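Data block below; observations after.
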Amino acid sequence: MTHTPRTEEYLSDLRARWTRARRGRQPGTVRHRAGERTVPGYVRHWAGERPDRPAVVAGDATLTYRELDDAVGRLAGWLDTRGVRPGDRVAVFLPNSHHFVVAFLAVLRLGAVHVPVNPMLKAAEVRHELDDAEPELVITREELLPVLREASEDVGVLLVEQWGDVLAHPPLGDGPDDLDALAALNYTGGTTGLPKGVEHTQRHMVYTATAIHNGLPGTEDGIVSLCYLPVFWIAGENLGILAPLVSGGTSVLLPRWDPAAVLRLIEEHRVTTMAGTVENYLELLDHPDLPHRDLGSLTHPLAISFIQRLTPEVRARWRKATGAVLREASYGMTETHTSDTSTLGFQDGDRDLLGDPVFCGLPVPGTEFMVVDFAGGEPLPLGEPGEIVVRGPSVLTRYWRSPEAGGAAVRDGWLHTGDIGSLDEDGCLRYLGRNKDMIKVKGMSVFPTEVETLLARHPDVRAAAVVAVDDERSGQLPYAYVTTEPGATLTAAELRVWAGETMAAYKVPLVEIVPELPLTPTGKIRKAELAARDGRGRL
């Protein structure tokens, strides 16, 4: 995409719309009251300002800022004496825990490169990431050692079971403070091929954390974030490590979803924000402990519409039970350090839930997006679907060892996401799905996300996943795999009739009612598996 007078005119108009839409809703700038520092630099700052405040709570372990800063310095010193140097990669192969947080920060303090490795991966998957990143060391736990050793016999290992000896080491002082040096390789699968390492810097991290903090009014004294999302995901890193610690707040970590523990911890630690799936919030609403817990501190509950969609009915139930407004989290991807948008302020009258899905809101200040033609990259009129392109302070530097992939993805400073979206009259982004998932019915575009969201408005539909099936007359047709609410008697034929009254005829899907949808270990629908089915139950 090349900048043209038309592009500049388009951007100028969008910026004006964003400015008008932000007034009274969202901040217009991203600023940190403690200035700009490295991520470990913020931890050291808060260790001086509020040494006894809990920084990390994980299971039975609680680290104050003083204790966290000390542990980070000691692990960084241990790594230094083992020959780890600035720019070297260190893999962290751990689940959510205080060990993960200390390791993450110690690697950054040393000026080395953090490589999070998903502990749910099998040996062949781990082998690819280790072969690609070539870490000097892997920090892991004993139960993961068999997978690690099957993946690689050569890499050095630090077990957290040895933590006591490591933290007896003299601490390293302040390390390099280069915010623009390579700081992390976050592996992402993308749309094709093996996972690629996305290069991020500490400047990307600090900007993202500060933008999240600025977008949560009432948390000026620091975000208290409850996070069960895996912190080896970049979204979990943002919400479970960066946002709370850069803001001087508290990270409350869970290794996995546990509704009873979530309710207890929100009350106990006065949690101000958490991100969970819609199913998580429904489970909390149905939990017998809910009426007996004080959730008044949770002013910013954020929903992620992975399977079930956030609806006005779910929002109304949550508001009645807790007094807080449940809203969609944000749009983002690993390449942008995610958290690129904010939906804050668009909940009056459920405006964000009643239009075309999925409402992602305004770009966080400093970030910009456009919707362009896939072929030529020309900006498209408001309301017209096209490719989402993003630029801003947290867009990846490049892909590790894949310069050709980086050149294809980032052109003239804009990341071409491969996602389909549109912009409304305020310049708010609406996400419609991946380009590769778009369905062509007699040449007309059908967006699976839109059909899924519309189907989810039927009171008996629990979740829907829409894929394409070949059709001799239409080329393709949308095919919906649907799960229903417990006790519902809805049939596929009845749902098709209802869909015909709700959406344009070419969008009406073939329907199959299924007992459950196949999920990845991290809770996303396995659409490739659904697309490979033969669709014999179609109606």
Side-chain angles (χ1 to χ4, degrees), residues 120 189 191 256-257 259 276-286 303-314 317 328 353 357-358 420 431-434 436-441 445-539:
M120 293 182 284
T191 57
R256 65 188 63 84
W257 171 248
T277 64
V278 175
E279 292 86 345
N280 294 153
Y281 285 101
L282 289 171
E283 195 169 349
L284 293 178
L285 285 167
D286 292 334
I304 304 168
S305 295
F306 272 168
I307 306 170
Q308 289 185 259
R309 306 292 174 182
L310 180 59
T311 64
E313 292 74 22
V314 174
R317 284 190 65 193
E328 197 73 38
L353 301 181
V358 170
I420 304 170
Y431 172 76
L432 294 166
R434 295 289 297 171
K436 68 182 181 67
D437 295 330
M438 186 170 64
I439 303 167
K440 284 290 188 179
V441 180
S445 298
V446 175
F447 305 105
T449 302
E450 180 184 16
V451 178
E452 290 160 0
T453 302
L454 292 172
L455 289 174
R457 292 177 182 170
H458 189 290
D460 289 340
V461 170
R462 186 171 184 84
V466 175
V467 297
V469 294
D470 293 333
D471 181 76
E472 290 183 1
R473 291 178 297 176
S474 301
Q476 290 181 316
L477 288 173
Y479 192 97
Y481 292 92
V482 176
T483 60
T484 57
E485 295 289 354
T489 59
L490 179 69
T491 67
E494 290 169 342
L495 183 55
R496 266 185 59 82
V497 171
W498 181 89
E501 298 168 351
T502 306
M503 60 187 82
Y506 69 93
K507 298 179 184 178
V508 175
L510 304 169
V511 175
E512 181 176 345
I513 306 293
V514 295
E516 60 185 16
L517 296 168
L519 304 179
T520 68
T522 48
K524 295 183 179 181
I525 298 173
R526 294 184 185 274
K527 283 204 169 181
E529 180 177 325
L530 292 176
R533 295 183 183 180
D534 60 12
R536 289 177 183 172
R538 68 176 66 180
L539 276 177

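Every value quoted in this text rests on a predicted model; they were computed, and no experiment measured them.
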Point to revise | Qualifying side chain to side chain donor-acceptor pair (under 3.5 Å) pairs, either residue in residues 304-314, two or more places apart | key: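 Every side chain to side chain donor-acceptor pair (under 3.5 Å) pair that includes a residue of residues 304-314, provided the two are not neighbours, is Ser305-Glu328, Arg309-Glu452, Thr311-Glu313.
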
Given side chains that start at C-beta, do those of [X] and [Y] come closer than 4.5 Å, heavy atoms only?
X      : Y      : answer
Lys527 : Pro518 : no
Val514 : Val482 : no
Pro509 : Leu477 : no
Thr449 : Val358 : yes

Approximate separation, where rounding is to 0.5 Å, of [X] [atom1] and [Y] [atom2]:
X      : Y      : atom1 : atom2 : result
Ile420 : Arg434 : CD1   : CZ    : 9.0 Å
His458 : Leu495 : NE2   : CG    : 6.0 Å
Ile513 : Thr483 : CD1   : OG1   : 8.5 Å
Leu530 : Tyr479 : CG    : OH    : 10.0 Å
Lys507 : Thr502 : NZ    : OG1   : 11.5 Å
Tyr481 : Glu529 : OH    : CD    : 9.5 Å

Check [X] against [Y] and note the closest heavy-atom contact, atom names and distance.
X      : Y      : answer
Ala456 : Val461 : CA-CG1, 4.0 Å
Ala303 : Leu310 : CB-CD2, 4.1 Å
Leu517 : Ala463 : CD1-CB, 4.0 Å

Check your understanding: So Val278 and Ile304, side-chain contact (heavy atoms from CB on, under 4.5 Å) or not? Walk me through it.
Key -> CA-CA 6 Å; Val278 175; Ile304 304 168; over 6 Å; no

Review point. What residues, two or more places apart in sequence or in another chain, satisfy side chain to side chain donor-acceptor pair (under 3.5 Å) together with Glu283?
Key: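 Side chain to side chain donor-acceptor pair (under 3.5 Å) check on Glu283 returns Trp257.
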
Review point. How would you list, by chain and number, every residue that makes a side chain to side chain donor-acceptor pair (under 3.5 Å) with Arg526, sequence neighbours excluded?
Key: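 Arg526 satisfies side chain to side chain donor-acceptor pair (under 3.5 Å) with no residue once adjacent residues are dropped.
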
Point to revise | Short N-O contact, Lys440 and Asp471, less than 4.0 angstrom | key: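 Looking at Lys440 and Asp471, the cut-off is not met.
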
**Study point:** Qualifying salt bridge (Lys or Arg N to Asp or Glu O under 4.0 Å) pairs, either residue in residues 460-469, two or more places apart
**Key:**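 Qualifying pairs: Arg462-Glu485.
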
Point to revise | Residues that Phe447 engages under ring pair (Phe, Tyr, Trp, His ring centres under 6.0 Å), provided they are two or more places apart | key: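 Phe447 satisfies ring pair (Phe, Tyr, Trp, His ring centres under 6.0 Å) with no residue once adjacent residues are dropped.
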
Review point. Does NZ or CZ of Arg317 lie under 6.0 Å from the centre of the six-membered ring of Tyr281, at an angle within 45° of the ring axis?
Key: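 No, Arg317 and Tyr281 do not form such a contact.
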
Point to revise | Polar side-chain atom of Thr277 near backbone of Asn280 as donor-acceptor pair, under 3.5 Å | key: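 Yes: the side chain of Thr277 pairs with the backbone of Asn280.
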
Check your understanding: Given Val467 and Ile439, is the side-chain contact (heavy atoms from CB on, under 4.5 Å) satisfied, shown in steps?
Key -> CA-CA 8 Å; Val467 297; Ile439 303 167; 6.0 Å; no

Point to revise | Set of residues satisfying side-chain contact (heavy atoms from CB on, under 4.5 Å) with respect to Val508, sequence neighbours excluded | key: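 If we apply the side-chain contact (heavy atoms from CB on, under 4.5 Å) test to Val508, skipping adjacent residues, the hits are Arg496, Ala499, Met503.
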
